[in-house]
Student: 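Can you keep this structure in mind? I'll have questions shortly.
What you see below is based on every heavy atom in this structure, not just the backbone, and it leaves out hydrogens, waters and symmetry mates. Counting starts at 1 for both ligands and their atoms, in listed order.
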Amino acid sequence: PTIYVITPTYARLVQKAELTRLSHTFLHVPQLHWIVVEDSPSPTQLVSNFLADSGLTYTHLHMLTPKDRKLQEGDPHWLKPRGAEQRNEGLRWLRQKAAADGGKGLAFDSAVIYFADDDNTYSLQLFEEMRYTKKVSVWPVGLVGAMKFERPVVENGKVVRFHTGWRPNRPFPIDMAGFAVSLNLVLANPEAWFDGNAEMGFLESSFLQNLVTMEELEPKADMCTKVLVWHTRTEKPKMKREEALIKQGLGSDPNVEV
Ligand code: UGA
Ligand code: MN
């Protein structure tokens with residue numbers, strides 16, 4: 001089965017570095033189709049050129065987050081969901097392509113969808129774990145929720161609850177990196193989307209609650225005992241010296257892409 005990886009991404013100093021790291025992981029994964037969705041009003045040169053040279057099979061989309069749904073300078077990072085409109089655009093593209101194919105191609109391949117943010121760290125084993133997803137598969141995520149890891153708790157092969165430190169009664173207290181869904185399930189549930197207005201921590205639930213119940217979740221990574229993905233977050237680079245140099249007319253050459 002093909003794995004369709006949907007990645008929201010937005011312009012910032014570390015964007016090309018993040019995409020480079022991610023693409024080098026994906027180059028090692030067979031049958032991976034990368035759906036990159038830029039949070040921008042149109043495709044950017046940087047991402048277009050990057051993808052063309054990446055060596056990956058990809059689709060390049062864009063969907064600007066409406067201003068009232070977007071974090072503003074100075075907002076705490078958790079105030080509004082990030083990447084929701086971009087993931088929905090990826091889902092829209094997949095549904096439209098499946099409809100155009102008349103269900104052939106895309107769907108009969110029992111393809112899988114995974115939402116991979118551009119800043120996390122993914123092991124290669126993770127992709128083989130998710131590849132044979134029937135409905136929704138789940139596994140632990142490291143370094144998330146202010147804990148060493150969060151994970152579904154498995155008893156007798158079934159998910160019975162979730163190991164998490166915060167609001168464990170959310171419908172699905174799982175980070176975006178901790179699940180994959182089958183394309184057929186998404187096609188069978190056309191009302192399943194991410195709610196860009198979801199309360200903090202409820203974005204994943206807004207999508208999953210239209211697709212499965214906890215009992216139906218398929219535990220992977222040795223019954224959720226192994227951490228194969230890490231919710232790493234990249235530090236924002238300091239530009240103090242750059243700004244000082246710009247004032248003296250000695251800033252770094254703006255024609256050099258970083
Ligand atoms: C956590 C989860 O891991 C995310 O999957 C979830 O979307 C997010 O919380 C949330 O609750 O909205 P976090 O590390 O805080 O993630 O979020 P980011 O990594 O900053 O953003 C998630 C994705 O959205 C990234 O791929 C990022 O490039 C993209 N993004 C972020 C945009 O497309 N536009 C933005 O303005 C910000
Ligand atoms: Mn992140």
Student: Starting from atom 2 (C) of ligand 1, what is the nearest protein heavy atom, named by residue and atom, and what distance separates them?
Tutor: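 Heavy-atom neighbour on the protein nearest atom 2 (C) of ligand 1: Asp175 OD1, 3.2 Å.
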Student: Using a 4.0 Å cutoff against the non-hydrogen atoms of Pro81, which atoms of ligand 1 qualify?
Tutor: 12 (O)
Student: Where is the nearest protein heavy atom to atom 6 (C) of ligand 1: which residue, which atom, and how far?
Tutor: Arg87 NH2, 4.0 Å
Student: Nearest to atom 32 (C) of ligand 1, what protein heavy atom do you find, and at what distance?
Tutor: Tyr10 CD2, 3.5 Å
Student: Counting heavy atoms only, which of Glu85, Glu204, Glu18, Arg82 comes nearest to atom 18 (P) of ligand 1?
Tutor: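 The residue whose heavy atom sits nearest atom 18 (P) of ligand 1 is Arg82.
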Student: Please check if any side-chain donor atom of Glu150 sits under 3.5 Å from a side-chain acceptor atom of His231, or the reverse.
Tutor: no
Student: Which residue holds the protein heavy atom closest to atom 34 (N) of ligand 1, what is that atom called, and what is the gap in Å?
Tutor: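 Ranking protein heavy atoms by distance from atom 34 (N) of ligand 1, first comes Asp39 OD2, 2.8 Å.
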Student: Are the ring centres of His163 and Phe149 closer than 6.0 Å?
Tutor: yes
Student: Identify the closest protein heavy atom to atom 22 (C) of ligand 1: which residue and atom is it, and at what distance?
Tutor: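 I find the closest protein heavy atom is Asp117 OD2, 3.4 Å.
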Student: So for ligand 1, is Thr65 a polar contact partner (N or O within less than 3.5 Å, distance only)?
Tutor: no
Student: Return the orientation label for the Tyr4 and His33 ring planes: parallel under 30°, perpendicular over 60°, tilted otherwise.
Tutor: tilted
Student: Pull out every atom of ligand 1 sitting under 4.0 Å from any heavy atom of Gly83, numbered as shown with elements.
Tutor: 24 (O)
Student: Between the side chains of Thr65 and Gln86, is a donor N or O closer than 3.5 angstrom to an acceptor N or O?
Tutor: yes
Student: Output the list of atoms in ligand 1 that are nearer than 4.0 Å to some heavy atom of Leu203, sorted by atom number.
Tutor: 7 (O), 12 (O)
Student: Taking distance alone, with no angle check, do Pro8 and ligand 1 share an N/O pair under 3.5 Å?
Tutor: yes
Student: So, Ser54 and Ser23: side-chain donor and acceptor under 3.5 Å apart, yes or no?
Tutor: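 No.
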Student: Number the atoms of ligand 1 from 1 as they appear, then name those within less than 4.0 Å of a heavy atom of Asp118, with their elements.
Tutor: 25 (C), 26 (O), 27 (C), 28 (O)
Student: Over 60° means perpendicular and under 30° means parallel, so tell me whether Phe26 and Trp34 are parallel, tilted or perpendicular.
Tutor: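 Aromatic pair Phe26/Trp34 classed perpendicular.
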Student: For atom 14 (O) of ligand 1, grab the closest protein heavy atom and report residue, atom and distance to one decimal in Å.
Tutor: Arg233 NE, 2.9 Å
Student: Give a yes or no on whether the ring-centroid distance for Phe172 and Phe179 is below 6.0 angstrom.
Tutor: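 No; Phe179 has its ring centre 6.0 Å or more from that of Phe172.
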Student: Kindly indicate, with the supporting measurements, whether the criterion side-chain hydrogen bond (donor to acceptor under 3.5 Å, both in side chains) is fulfilled by Glu38 and Thr44.
Tutor: CA-CA 8 Å; Glu38 288 196 74; Thr44 64; 2.8 Å; yes
Student: Which atoms of ligand 1 are found less than 4.0 Å from any heavy atom of Thr9?
Tutor: 28 (O), 33 (O)
Student: Among protein heavy atoms, which lies nearest atom 19 (O) of ligand 1, and at what distance?
Tutor: Asp119 OD2, 3.0 Å
Student: How far is atom 16 (O) of ligand 1 from its nearest protein heavy atom, and which residue and atom name does that atom have?
Tutor: His231 NE2, 3.3 Å
Student: Looking only at N, O or S atoms, which one in Asp119 sits nearest to the Mn ion (ligand 2)?
Tutor: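 Of the nitrogen, oxygen and sulfur atoms in Asp119, the Mn ion (ligand 2) lies nearest to OD2.
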Student: Could you check whether Arg12 makes a cation-pi contact with Tyr10, meaning its NZ or CZ is under 6.0 Å from the centre of the six-membered ring and within 45° of the ring axis?
Tutor: yes
Student: Which residue in the set Lys70, Arg87, Arg82 passes salt bridge (charged side-chain N to carboxylate O under 4.0 Å, His left out) when paired with Asp39?
Tutor: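 Exactly one option meets the salt bridge (charged side-chain N to carboxylate O under 4.0 Å, His left out) with Asp39, and it is Lys70.
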Student: Any donor-acceptor pair under 3.5 Å linking the side-chain atoms of Glu18 with those of Thr9?
Tutor: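 Checked: Thr9/Glu18 side chains show no N/O donor-acceptor pair below 3.5 Å.
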